[in-house]
Protein chains: 2
Amino acid sequence: MLLDLDEGHFRLPFPANQISLFCLVICEKDELLSSKSKATIADVARVAGVSTATAGRVLGGYGYTSEEKKAQVLKAAHDLGYRPNALARSLITGKTRTLGVVAGDIQNPFYASVIRGISNVADANGFGLLITNSDEIPAREIHAVELLAQKQVDGLIVTPIDTRKARHLFNLKAMGMPLVLIDRAVGGLMVDRVATDNVAAAEQAIRHLIGEGHRLIGIVAELVDENFMSLDDFVAHAIAGDPIESETLYPSWQRLLGYIRAHRIAGLTVHPRLIMRAGSYSAQAAEAAVPPVMTSPNRPTALFTTDGTMSEGTMRALTTLKLSAPEDLSLVCFDDLDWMSFLRPGITTISQPRLAMGEAAARMLLERVRGADYPSRTVLMPAELIERGSVSRI
Amino acid sequence: MLLDLDEGHFRLPFPANQISLFCLVICEKDELLSSKSKATIADVARVAGVSTATAGRVLGGYGYTSEEKKAQVLKAAHDLGYRPNALARSLITGKTRTLGVVAGDIQNPFYASVIRGISNVADANGFGLLITNSDEIPAREIHAVELLAQKQVDGLIVTPIDTRKARHLFNLKAMGMPLVLIDRAVGGLMVDRVATDNVAAAEQAIRHLIGEGHRLIGIVAELVDENFMSLDDFVAHAIAGDPIESETLYPSWQRLLGYIRAHRIAGLTVHPRLIMRAGSYSAQAAEAAVPPVMTSPNRPTALFTTDGTMSEGTMRALTTLKLSAPEDLSLVCFDDLDWMSFLRPGITTISQPRLAMGEAAARMLLERVRGADYPSRTVLMPAELIERGSVSRI
DNA sequence: TCTTTTGGCGAGAACGTTCTCACATATCAG
DNA sequence: CTGATATGTGAGAACGTTCTCGCCAAAAGA
């Protein structure tokens, strides 16, 4: 019967109204049903009086369709409140239009901004974002990656925790999964990467302090112990000017390297006792590392913190020690957090383009998802020294 | 041939080794292939010499399987590097084990924390998180909700932008989609919700200031104009003590209500000129709203800011005005941001349990996802006044 | 007039799972 | 020995799309 009507409709514009009415009846009935169980392409096709193939064509926007049938299908779809099932679509196309992100901790302003950047380009391109936190725990990273892979994300953005062992990431790459690394590199893993030029940035910060006359400069850094050599050896090598493969170093080690390099260039001696090592990625650890050095007899006249978390811990420590910049000491931080600009004398800091980093990473990833296959690229973003009031001339 | 082996194996334990070897050969061959195109249940079944049904049973963990076949399948799966396709699974089960979140802006510490809370319980329960930002723009919220619905999330957590018009949310609920609201309510939409008890919290803050002797207290609030009545009318009603339906009010209006209520209870007059309205959800707007009042002849002795963004803008304004708490004025903020605790005299603030709010919301949502159908609940979280050093006695 | 092309359509096979059957076999009570 | 129950198993139908075919017109080229 539906077919008959359809053929009549095909020849004459006249019975179209009947069809419309007919549709409406069906729709209203179906709508009651579908208010719970949602309408499928088959339902739309039935109501519109066409095959599922045709309905699929107009709804999916592929292949040819006449204006006539197109209108019918569209109307039916609208009446039924049809909503395409992305699952079914993805299953057959093999594309989910979803990107996976495994970050350290969304609460950390660094990750929050980076993710925001990723999000910006993702949804400008109609991609969804599946986000997980690793809390810097390798097992959690592995688990997250596995989860995202099972959910068939089109690509993955990761801030890898272990720069040496990362079997899961190598596997991923071997499986052909587009992958972009942020902030950290993994030795031997040739994939796109975006990071700050940490060595240069730290060097710039220290050079600034040296330029202002400081000779005793402390550095508070996480320096988690996952390196091939001990801190002492590392420092010794760096002071000696031995070439160090800095690419796969953890950011805090890279920044320490910049710190040492600035000293070396200026002909200053590096005092290992001024290296305040938190040992873990937490403000508490930083807060604990600062007092011993800052209450010692020959305390530094300036402090350099290597990231937002260290800055926070350091600020806490300084507050309880009743030391304030720039009167009692000079301070340069890494990463520009919102409060640094409205503290009474603003805090001089190295600002990394977090948002842009996320955006760049997402853009690179999307290129890969779309099939680009040039060799893996590393984008080193420049960081900028923002002078505010926390540094005094000595 | 495979069948023969299988049957032989079925009767005697002896040929099992042959099978293993046989498997290995196949595996190695397939592994080369599958390093690119991934293995499916059918592949695993073929290698293990069982039906896809059986393979599915052991891999999916449903139905009965003998230990023997189970081991074979597991081995085959391991050798092939089998990874279940969550898409296909979800398509048939109708469950994605994925939750959708549409927040204002991940970069905002409030949302970042709330999302972290959601994330905590989500991945403790094996759920993924699809996260989007609305930037407080209704069209973007609608778009995000649609995207997430198409991706078939099992449930949705939303901070609704428009508390009056929210057709998309009503639709969602009618379709049976589990839904939890955070921070804001939608008039007439009966779904679970978690929020801070804003009126009480603000009242507590103001009462504290009044207790310290302040009589001229300014409030800086966003107070976006999407209300049924004008600010003046609202204030007039509140002062008169008229009953106001505060549930569906925007948080900043609720906090203003608490501000007024505290005045009323203490018998103090509310001066409309001390209400600094930003008019939009940005630190810049707040920064602009503060100076006119703070440079006026009869300026307030205390300030209350209604959220983190307002606090930031206010701090900026105060910094440029060279006014500092508690010397030049007293200050109570809303929402405890990290810098408030390490500013020189810490900032007294109302702390809302952001993480717990996210966790509570996610837990409620999961209950709904699992089929709980008690009437909709509203969880009002208590906020806590944290006294630090930004308030002085007058 | 006879091909070829082109737009337009529907049947039906994918995609990779789960799940319902029907059917075996083993165990046990009666 | 009969039937009931529990445990295994495989064939094949879902799920809701996309996509490859064929088929059929009508238009166009020869």
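Bear in mind that the values here come from a model prediction, so they are computed numbers and not experimental data. Reminder, nothing fancy here: chain letters follow the sequence lines and each chain counts from 1.
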Winner on side-chain proximity to A/Tyr64, out of C/dC9, C/dG16, C/dG8, is C/dG8

Comparing nearest nucleotides in DNA chain C, the 5'-proximal residue of the pair B/Ala53, A/Glu67 is A/Glu67

| message | For a quick test of reading the model: is some side-chain N or O of B/Thr40 closer than 4.0 Å to OP1 or OP2 of C/dG16? | response | no

Between NZ of B/Lys151 and C1' of D/dT17 the distance, given in whole Å, is 14 Å

Exactly one candidate in B/Val73, B/Thr52, B/Thr65 meets side-chain contact (heavy atoms from CB on, under 4.5 Å) with B/Arg57; the answer is B/Thr65

From NZ of B/Lys69 across to P of C/dT25 the rounded distance in Å is 12 Å

Closest non-hydrogen atoms of A/Leu148 and A/Gly100, given as atom of the first, atom of the second and distance, are CD1-CA, 3.9 Å

>> Can you confirm whether A/Val153 sits close enough to A/Thr98 that some side-chain heavy atom of one is under 4.5 Å from a side-chain heavy atom of the other?
In response: yes

**Item:** N/O donor-acceptor pair under 3.5 Å between A/Ser376 side chain and A/Asp192 backbone
**Value:** no

Picking from D/dG16, C/dC19, C/dC9, the nucleotide nearest the side-chain atoms of B/Tyr62 would be C/dC19

Rounded to whole Å, the CD-P distance (A/Gln152 to C/dG16) equals 9 Å

Among C/dT18, D/dT18, D/dG12, the one nearest any side-chain atom of A/Thr93 is D/dT18

From CG of B/Leu91 across to C1' of C/dT17 the rounded distance in Å is 8 Å

Between B/Ser66 and A/Tyr82, the residue closer to the 5' end of DNA chain D by nearest nucleotide is B/Ser66

Separation of D/dC15 atom P from A/Ile41 atom CD1, nearest Å, is 14 Å

Against the side chain of A/Asn85, the closest entry in C/dG8, D/dG16, D/dT18 is D/dG16

Atom CZ of A/Arg46 and atom P of C/dG10 are separated, to the nearest Å, by 15 Å

In whole angstroms, the gap separating C1' of D/dT18 from CD1 of A/Ile92 amounts to 4 Å

With side-chain hydrogen bond (donor to acceptor under 3.5 Å, both in side chains) as the criterion, how do B/Gln150 and B/Glu146 come out once you've worked through the C-alpha distance, each side chain's angles and the decisive distance to 0.1 Å?
CA-CA 6 Å; B/Gln150 288 191 8; B/Glu146 179 62 25; 3.0 Å; yes

(Q) So for A/Arg57 and C/dG10, does any side-chain atom that can act as donor or acceptor lie under 3.5 Å from a complementary atom in the base? (A) yes

Is there a side-chain contact between A/Thr54 and the phosphate of C/dG10, meaning an N or O under 4.0 Å from OP1 or OP2? yes

Closest of D/dG10, C/dC9, C/dG16 to the B/Val50 side chain is D/dG10

Ranking C/dT18, C/dG10, D/dT18 by distance to the side chain of A/Arg89, first place goes to D/dT18

B/Gln150 CD to D/dC15 P, in whole Å, measures 20 Å

